[in-house]
Each structure stands twice: as C-alpha cells, then as structure tokens.
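Computed from a predicted model, the values in this text were never measured in an experiment. Values below: all heavy atoms of this structure, side chains included; hydrogens, waters and symmetry mates excluded. Chain identifiers are assigned alphabetically (A, B, ...) following the order of the sequence lines, protein sequences preceding nucleic acid strands; residue numbering begins at 1 within each chain.
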Protein chains: 2
Amino acid sequence: MAEFAKSGNCFSCELKSSMFCLLTDIQLDEINSNRQQVTFKKGETIFKSGGPLTHILCITSGMVKIFLEDKNNKKNLLLKIAKPTQLIGGPGFLVDELHHITAIALEDTKTCFIKVSDFKEIMAENSKFAFEFIKYRNERVIFYFQRLMDLTHKQTHGKIADTLLYLASEVYGSDSFDTLLSRQDLADMSAMTKESVIRIIKEFVESGIIACNNHHHFEIIDKNKLMKISKTG
Amino acid sequence: MAEFAKSGNCFSCELKSSMFCLLTDIQLDEINSNRQQVTFKKGETIFKSGGPLTHILCITSGMVKIFLEDKNNKKNLLLKIAKPTQLIGGPGFLVDELHHITAIALEDTKTCFIKVSDFKEIMAENSKFAFEFIKYRNERVIFYFQRLMDLTHKQTHGKIADTLLYLASEVYGSDSFDTLLSRQDLADMSAMTKESVIRIIKEFVESGIIACNNHHHFEIIDKNKLMKISKTG
DNA sequence: CTGTTATGTTGATATATCTCAATCTTTTGT
DNA sequence: ACAAAAGATTGAGATATATCAACATAACAG
C-alpha cells in the first residue's frame, strides 16, 4: 500500500497534487499510521448521504460516481465522477459531520480511509494545508455555480453537450472514450429522463457530431459544434 | 463607524457570530485600521461577476441580492438575499481572486470593505478563524446542493413554495413580510419566467395558502400546505 | 400634477420534455 | 449455455411551462 510521501512519488489528490507535500514528516507519519485500505466491488456503496462522516477517503484505483439523493422523488443528481488520487469527503466536514452525498463504485475500487480527526489536527497545525483545502472547496463552489446555471437554464441538447464535454475533458481526458455510466447515469447528470438522453444522443449521432457504438463507447467528432450547442443551450 | 470588537458588542456575521471574537487584539487592530465604509444607493451594483475580488465585505445596513449572471442568455439565478452583519465575498478567494457572483443593493446599503490580504493573514495565524471559514463555506455548499436538487427536480409550484418559505424563514424572519424583490427577482430565484411566478402566486392566493396585497406584501396563511407543496414538488 | 417608464397581469399559443407502455438488447448468474 | 434480470430504444400521447403580445397598474421625474 502506497504511503503519502513528502517528496518523490508524492501522493497526489484533487485537493491539489502538492497538498500532502505541505505536511511535515511527523504529520505524514500520523496520517499514514492511521490509514485503512478498503476495496469496493462494482456497484457497491462506499458511503451514503445521511450517514456519519468519520473518514475522508482517497481513491487509489477505480472510479466512483458521486451524487445527491432525494428519498421522496427518487430522483438523483450526479455531481461528478471521482478518479484515482482524488479525495472524496463532503461538505459535512466541520458542519454536521454527516455525508450529504452518496458514493458508489462504478468498477472495482480501492480506497484509503483517513480519519476526519487526523485531518482536522493537521489542518490546525498547518495553515498552508488549510488554505489548500479552502481553495479546493471554493473551486467546487465555482463548479456548482456553473452547474446551477447550466442545469436550470439550458435545455436538453445543451445539457447533454455539457455532459459529454465534461466526460471527455475532466474524466477520460480524450474525445474518444468508453464510459461505465448507464443512460440513466447520463440522465442523472443532465437532470432529465433517460428517454430524452437516448433521443438526443441519437440526434447527435445522426448529425455527425458524435459517434456512439456499443452504448458505452463515445467519440466526439465535431467538437466545435458540440461546444456551440453547449453555449447556446 | 462600529468597530470589530473582541468582546461586548461583538461584530457578528454569517460566517459565525463568534468568528471575529476568535481574533486577538492585534488582529482586530489590523482589520479595523484597514477597513473602509462604503454606502450604496438602491439599485447600485456593489460588485460584479468577473471583477477582481480585492475585498470581502460586511453589510452594516440594508439588503443585497446576490446572483449568478449569464452574459449570453441574460438569464440570472438569484442565490440569496444578504442582510446586515453578513459577510459577502465569493468562491474566488484563494482560487482566481475574481468575483463569481454579482451583488446589487435592494435598498440603500452600508458596507465595510476588508482587504482580502488581511483576511488571508489572519487566517494563516488563527486556525480557529480558518475553521470557521471552512465551516461557513461547507454550509453554503450544502445549501447549493439543496438548490441544485430543488431547481432541477421540482416543478413551478414547488419552486415558488421554496422561495416563499426561504424569504419568510431566512430573510424576513416572519410569515408576514414586505419584500423589495420584484416578480422578476422571484422568477430568477425560482428558475422560471415572471409570468409563471405571477400565475402561481395567484393560484396560491385563490386557494388560501398565502395572501398578497400590493405586489410586495406577502403573508403565509397555510404554512403546512405550502411546506407540503414544497416537499411534493 | 402629468407624461413617461418600469413593472405587473392576463390570455392565447407553441413547444420542449416527461410519461407510459411495448419491445428489443445486453448483461448477469447459475 | 441458458434463463432471468437489467438496461436501452422507440413511439404515441399528455402536460407543464415558456413565449409573445396586449394591456393595466404602479413608480418616477420634471
């Protein structure tokens, strides 16, 4: 099991690849001595909205979908796909110490659990670490602002364009990718029904904007057009 | 001009009423010596999305609407109404040092400008202050999560119910209130058109859920019913 | 006080999107 | 390999909401 290291193969995470490099050797020892590695199978729930937020976790391998749940309407909103070296926790930290998001493994996934109390201690000792955390949180807020605007003001074509562009640039790092997401996941990500997702993907394929083979392989052919659709909504 | 004080009439703000009480005398001196008071007239822009985030400001008197702007579609999303003793800044802090929200005075408003650099310094020195800030930010994220769910999954009746309940509980602290918000503002807050807002308010009045006189006075009559509408969407 | 501008209201119409149900395809477990 | 379950697709129909245009009322400035 890889350790958080001060230099060399520094354990990177979304908070900032350099974040753990800010720690002293003693702080790293403390984190490393208290970590637990846990493996989840495809489809397993890693943590659930409403549950206690006792650990912040770091994804070592695999992929995780993170979403908001509504008990009443059983409508979900998929917020992001988390990948290796990203930390996942949630905004309950320092508030109610509960999870406000649900995390489910999209494939077999290895994670490291870091105790929230350890996180807090180090943050109190190390202001640079705290600053990086605030920076990360603020970046997320900016991201959520964009989501709020996109999901409330754009219509279906624009929202699907957004989703495809997000997957290509942020998740798979390529305009040609295989995804583990179902049509329902794409719908949850775009705040619409799976039927609408299917129809719009079909339209995009027919007009040569994208290609889509076996339901899960996507290829963005005309990126300019897709970005234009994203812009005009 | 009231000073931030360590004890007694502690200058409260949304970050946490006790937040400034966490500072040392020296830190308070530093903040107080660098503050500037600025008054805005009704309708004036306090800061604009895209502009430089050089100061965090505290509302001394008046009311401010804070919203996300979209240049292309000229569709806004009203995020909150800020009141006296609340701090307004934005998620650009420690990220790009730009504003991502726009603030406009709903009535004559007095504000105090605190330099972002002062804020940073104190946060580096005082971990409790930093923790309060993180807590505040996380609370906002939880709020935005709720907005994302409500605005994307509820339909017009539920969204108007949410808006009215928010104004009553969070802004005016009473089920009977006069608001400075226009029908368009209510629409921007509920992610719909002003025509729809008007029609639904009319329905609510006709079915005895609320009363609404001179366009700006609202009274929630049947709160249970309104909350039920909010829940069922 | 009065004309002008901004805001609110109403109705008719268009349309985007959801819903529901049937069918087809893929994946999964034994 | 096969049956069963889960996911994807298609179409027809319903409906919520936006759009547009006309008009009414309130706010404002000279």
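The interatomic distance linking A:Asp185 (CG) with D:dA6 (P) rounds to 15 Å, in whole Å. The interatomic distance linking B:Ile198 (CD1) with C:dG11 (C1') rounds to 13 Å, in whole Å. Rounded to whole Å, atom P of C:dT19 lies 13 Å from atom CE of A:Met192. Atom-to-atom, NZ of A:Lys154 to C1' of C:dA16 comes out at 17 Å; the value is rounded to the nearest Å. Between the CD atom of B:Gln155 and the P atom of C:dC18 there is a distance of 11 Å, rounded to whole Å. Straight-line distance from the CD1 atom of A:Ile229 to the C1' atom of C:dA16: 16 Å, rounded to whole Å. Between A:Gln184 atom CD and D:dA8 atom P the separation is 9 Å, expressed in whole Å. Between B:Lys194 atom NZ and D:dA21 atom P there is a gap of 13 Å when expressed in whole angstrom units.
Between A:Ser196 and C:dC18, a side-chain N or O to OP1/OP2 separation shorter than 4.0 Å is present. Distances shown here put a side-chain N or O of B:Lys202 below 4.0 Å from the OP1 or OP2 atom of C:dT10. B:Thr193 has a side-chain polar atom (N or O) that falls below the 4.0 Å cut-off from OP1 or OP2 of D:dA18.
Aromatic ring orientation, B:His99 versus B:Phe47: parallel (interplanar angle below 30°, classes split at 30° and 60°).
The base of D:dG11 lies close enough to the side chain of A:Arg199 for a donor and an acceptor atom to sit less than 3.5 Å apart.
Taking the ring centre of B:Phe143 as origin, the terminal cationic atom of B:Arg140 falls inside the region bounded by 6.0 Å and 45° from the ring axis. Both the sub-6.0 Å distance and the 45° axial angle are not jointly satisfied by A:Lys202 relative to the ring of A:Phe204. B:Lys115 forms no cation-pi arrangement with B:Phe113, by the criterion of a distance under 6.0 Å to the ring centre and an angle within 45° of the ring axis.
Contact between B:Arg137 and B:Pro91 at its shortest, heavy atoms only, is NH2-N, 3.4 Å.
Mapped onto DNA chain C by nearest heavy atom, A:Lys159 and A:Asn214 fall at different nucleotides, with A:Lys159 at the one closer to the 5' end. Mapping B:Thr156 and B:Lys42 onto DNA chain D by nearest heavy atom places B:Thr156 at the nucleotide closer to the 5' end.
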